[in-house]
Participant: 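For reference, the structure I am asking about is given below.
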Amino acid sequence: MNYLLCITSLVVVGSLAEEYGSNTVSFTSDTFAKSVPEKPHFVMFYAPWCGHCKRLSPTWDDLGKKYNSEEEGEIVVGKVDCTQHTALCSSLDVTGYPTLKLFSKGIESGVKYRGPRDLASLERFIAEQLGTELKAGEQASVPEAVTGLLEYTDVTFKSSVLHGRHFIKFYAPWCGHCQRLAPAWESLAKSFEHDHSVKIGKLDCTRYQDICNEYEVKGYPTLLWIEDGKKIEKYSGDRSHEDLKKFAVGMLSDSASDQQKEDTDEPQPPVIVLTSENFENAIERGYTLVKFFAPWCGHCKRMAPIYEELGRKFVGHDKVKIAKVDCTQEVNRGLCSEQNVNGFPTLYLYKDANNIGEYNGDRSLDDMASFITRNLEHDEL
């Protein structure tokens, strides 16, 4: 059903109740183009089937309730369904869901939000971008990450870890083992700086002993994987950057598999969309066939439906992922250059982050599937 949105230059007159909340404005390509130049907008670009979008929607609706209900509100909080308005989302470089962008001075001024997705952090971002201040008592409830590493206090810890996945170092400043671990832990945080699926943090147990007792920390450093506030696993492996990263990637993969089983109404997309921000982590484990393409490429267009079939063939496979990278997107140009992509489409097979070969065979479903299974069988011998 299509809804008519009525927006004045200063006031959001109304928004309509729907699956993603009644307090945010649903934009179409036309209403977006007319409304955004009038005043700042904070917009969620989403897909209805996206699990992360569904989990964010109550918080996004709360944000809309706060800012859209003010008669002289300083910003409009809205949303765009990218499955309905694909051209708009593509023109704004939306390559994953949800993508959150704040437009302070027209459509060309969009700034992508990359921080935690809780209400306080979103409000802080609005205040920073608009040059305003949060009202008294509305201090953000999460710390600001420095190169991806979050340093918690007793106030920020519980609200931060209540949702999502977290890998946290519980430490004491005087501890020699903690001091030796620090560089690797900082490198780990930097590795996941642009990956919103996990947060890397640390907590000083000499200052916040009650929290450490609650999580049964009995020695330093203690490294815990926490999901939705619950301790899932204690890390006990080697403390090198690579080993820590392998553990985190493995836990993310396990969590994704569990989530897929739970979200039976949310099928896994057959072909995963990769960008420079999530590429390294995506190919870290198992086999990943990646198609580097350009939307205008005729060969790519003819191959697209067969590649989707290939993706469906391997959906749910615990060792194989089928993915693609749009090399015309500005964010991906450096990645495509680094991967030695010289024409379209280019198909590379990666095993545990290593490029093990380019596929140059016929672009039929059977031949591409056989290429993958041959490599799997060779690995198992």
Participant: Got Asn23 and Asn68 here, is their nearest side-chain heavy-atom distance under 4.5 Å?
Facilitator: no

Participant: Would you please classify the geometry between the Phe279 ring and the Phe292 ring as parallel, tilted or perpendicular, with 30° and 60° separating the classes?
Facilitator: tilted

Participant: Answer yes or no: is there a donor N or O on one side and an acceptor on the other, between the side chain of Lys199 and the main chain of Gly164, under 3.5 Å?
Facilitator: no

Participant: Just checking, is any N or O donor in the side chain of Ser35 or His41 under 3.5 Å from an acceptor N or O on the other one?
Facilitator: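 Yes, His41 and Ser35 have a side-chain donor paired with an acceptor closer than 3.5 Å.
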
Participant: Please confirm whether the backbone N or O of Ser187 pairs with a side-chain atom of Ser191, one donor and one acceptor, at under 3.5 Å?
Facilitator: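 Checking the backbone N and O of Ser187 against the side chain of Ser191, a donor-acceptor pair under 3.5 Å is found.
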
Participant: Is there side-chain contact between Arg363 and Arg302, with at least one heavy-atom pair below 4.5 Å?
Facilitator: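 Heavy-atom side-chain distance check fails, nothing below 4.5 Å.
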
Participant: Taking Ser160's backbone N and O only, do any of them form a donor-acceptor pair with His166's side chain (distance below 3.5 Å, no angle check)?
Facilitator: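 Checking the backbone N and O of Ser160 against the side chain of His166, a donor-acceptor pair under 3.5 Å is found.
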
Participant: State whether the side chain of Lys321 and the backbone N or O of Ala282 hold a donor-acceptor pair below 3.5 Å, judged by distance alone.
Facilitator: yes

Participant: Please report the shortest heavy-atom distance between Ile306 and Leu365, naming the atom on each side.
Facilitator: CG2-N, 3.6 Å

Participant: For the pair Tyr152 and Phe157, name the ring-plane relationship: parallel under 30°, tilted 30 to 60°, perpendicular over 60°.
Facilitator: perpendicular

Participant: Is there a side-chain contact between Val43 and Leu92 (heavy atoms, below 4.5 Å)?
Facilitator: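 Not in contact.
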
Participant: Does Val273 share a hydrophobic cluster with Val271, counting links as ILVMFWY side-chain heavy atoms below 4.5 Å and allowing steps through other members?
Facilitator: no

Participant: Enter the distance from Arg374:CZ to Glu377:CD here, rounded to the nearest 0.5 Å.
Facilitator: 9.0 Å

Participant: Could you check whether Phe42 and Phe125 have their ring centres less than 6.0 Å apart?
Facilitator: yes

Participant: With rounding to the nearest 0.5 Å, note down the distance linking SG in Cys300 to CZ in Phe293.
Facilitator: 7.5 Å

Participant: Would you compute the distance between atom CD of Glu280 and atom CZ of Phe192 and round it to the nearest 0.5 angstrom?
Facilitator: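 The distance works out to 10.0 Å.
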
Participant: Nearest 0.5 Å please: distance from the CZ atom of Phe344 over to the SG atom of Cys297.
Facilitator: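 The SG atom of Cys297 is 7.5 Å from CZ of Phe344, to the nearest 0.5 Å.
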
Participant: Quick one: do Leu63 and Val111 end up in the same hydrophobic cluster if we chain Ile, Leu, Val, Met, Phe, Trp and Tyr together by side-chain heavy atoms under 4.5 Å apart?
Facilitator: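 As far as the 4.5 Å side-chain criterion goes, Val111 and Leu63 are connected within one cluster.
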
Participant: Under a single-linkage definition using a 4.5 Å side-chain heavy-atom cutoff for Ile, Leu, Val, Met, Phe, Trp and Tyr, are Tyr208 and Tyr171 assigned to the same hydrophobic cluster?
Facilitator: no

Participant: Near Lys112 NZ, under 6.0 Å, is it more than 12 heavy atoms from other residues, nucleotides or ligands?
Facilitator: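 Check passes, neighbour count above 12.
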
Participant: In terms of heavy-atom contacts, does CZ of Arg333 have more than 12 from other residues, nucleotides or ligands at under 6.0 Å?
Facilitator: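 Correct, the count exceeds 12.
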
Participant: When you check the gap from the basic side-chain N to the acidic O, do Lys66 and Glu123 get nearer than 4.0 Å?
Facilitator: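 A salt bridge links Lys66 with Glu123.
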
Participant: When you measure from the side chain of Asn375 to the backbone N and O of Phe371, does any donor-acceptor pair fall under 3.5 Å?
Facilitator: yes

Participant: What pairs of residues pass the ring pair (Phe, Tyr, Trp, His ring centres under 6.0 Å) test when at least one of them lies in residues 86-111, not counting sequence neighbours?
Facilitator: Phe32-Phe103, Trp49-Tyr97

Participant: For Asp81 and Thr83, which heavy atoms make the closest approach, and how far apart are they?
Facilitator: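 Heavy-atom minimum between the residues: OD1-OG1, 2.6 Å.
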
Participant: With a 4.5 Å cut-off on side-chain heavy-atom distances among I, L, V, M, F, W and Y, is there a chain of contacts connecting Val76 to Phe45?
Facilitator: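 Yes; Phe45 is reachable from Val76 via cluster members.
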
Participant: How close do Gln179 and Pro173 get, heavy atom to heavy atom, and via which atoms?
Facilitator: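 Nearest pair, atom of Gln179 first, then Pro173: NE2-O, 2.9 Å.
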
Participant: Given the rule in the side-chain contact (heavy atoms from CB on, under 4.5 Å) test, do Tyr350 and Gln339 qualify, once you have shown the distances and angles that lead to the verdict?
Facilitator: CA-CA 11 Å; Tyr350 297 85; Gln339 298 300 316; 2.7 Å; yes

Participant: How far apart are the closest heavy atoms of Thr31 and Thr28, and which atoms are they?
Facilitator: OG1-N, 2.8 Å

Participant: Given 3.5 Å as the limit, does a donor-acceptor pair link the side chain of Ser57 with the main chain of Lys54, or not?
Facilitator: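 Between the backbone of Lys54 and the side chain of Ser57 there is a qualifying donor-acceptor contact (under 3.5 Å).
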
Participant: With distance as the sole test, does Tyr307 use its side chain to make a donor-acceptor pair with the main-chain N or O of Ala323 at under 3.5 Å?
Facilitator: yes

Participant: Should Phe314 and Leu289 count as side-chain neighbours, where that means a heavy-atom distance under 4.5 Å?
Facilitator: no

Participant: Got a sec: does the NE2 of His163 have more than 12 other heavy atoms crowding it under 6.0 Å?
Facilitator: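 Counting neighbours around NE2 of His163, 12 or fewer heavy atoms of other residues, nucleotides or ligands fall under 6.0 Å, so no.
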
Participant: Which class fits the ring pair Phe167 and Trp225: parallel under 30°, tilted 30 to 60°, perpendicular over 60°?
Facilitator: tilted

Participant: Got Met368 and Leu347 here, is their nearest side-chain heavy-atom distance under 4.5 Å?
Facilitator: yes

Participant: Do Val320 and Ile356 share a hydrophobic cluster (ILVMFWY, side-chain heavy atoms under 4.5 Å, transitive)?
Facilitator: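 Yes; tracing contacts between hydrophobic side chains, which count when under 4.5 Å, links both residues.
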
Participant: With rounding to the nearest 0.5 Å, note down the distance linking CG in Leu188 to CD in Glu186.
Facilitator: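 Interatomic distance, Leu188 CG to Glu186 CD, rounded to 0.5 Å: 11.0 Å.
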
Participant: Walk me through whether Glu216 and Lys231 qualify under salt bridge (charged side-chain N to carboxylate O under 4.0 Å, His left out).
Facilitator: CA-CA 10 Å; Glu216 299 179 334; Lys231 180 173 69 174; 3.1 Å; yes

Participant: Under 3.5 Å, is there a donor-acceptor pair between the side chain of Ser276 and the main chain of Val331?
Facilitator: yes

Participant: Please report the C-alpha distance between Val161 and Ile168 in whole Å, then the side-chain angles of each, then the deciding distance to 0.1 Å, and finally whether the side-chain contact (heavy atoms from CB on, under 4.5 Å) criterion is met.
Facilitator: CA-CA 10 Å; Val161 305; Ile168 298 176; 3.6 Å; yes

Participant: Considering only heavy atoms from C-beta outward, does the side chain of Leu100 approach that of Leu56 to under 4.5 Å?
Facilitator: yes

Participant: To the nearest 0.5 Å, what is the distance between CZ on Arg165 and CD1 on Ile232?
Facilitator: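 So the gap between those two atoms works out to 10.0 Å.
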
Participant: Where the side chain of Ser121 meets the backbone of Arg117, is there a donor-acceptor pair that is under 3.5 Å apart?
Facilitator: no

Participant: Please give me the minimum heavy-atom distance between Pro295 and Thr328, naming the atom from each residue.
Facilitator: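 Taking Pro295 first and Thr328 second, the nearest heavy atoms are CD-OG1, 3.5 Å.
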
Participant: Would you say that Ile322 contacts Ile372 through its side chain, given a criterion of any heavy-atom pair below 4.5 Å between the two side chains?
Facilitator: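 A side-chain contact exists here, since the closest heavy-atom pair is under 4.5 Å.
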
Participant: Run Leu203 and Cys212 through side-chain contact (heavy atoms from CB on, under 4.5 Å) and show every step you take.
Facilitator: CA-CA 8 Å; Leu203 183 80; Cys212 297; 3.9 Å; yes

Participant: So, for Glu308 and Pro270, which heavy atoms are closest and what is the spacing to 0.1 Å?
Facilitator: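 Of all heavy-atom pairs spanning Glu308 and Pro270, the closest is OE1-CG, 3.3 Å.
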
Participant: Look only at the side chain of Trp60 and the backbone of Gly78, and say whether a donor-acceptor pair between them is shorter than 3.5 Å.
Facilitator: yes

Participant: Let me see the working for Leu244 and Lys169 under side-chain contact (heavy atoms from CB on, under 4.5 Å), right down to the final yes or no.
Facilitator: CA-CA 11 Å; Leu244 291 165; Lys169 175 182 72 172; over 6 Å; no

Participant: CD of Glu358: more than 12 outside heavy atoms within 6.0 angstrom?
Facilitator: yes

Participant: With a 4.5 Å cut-off on side-chain heavy atoms, are Thr222 and Tyr215 touching?
Facilitator: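 Answer no - side chains too far apart.
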
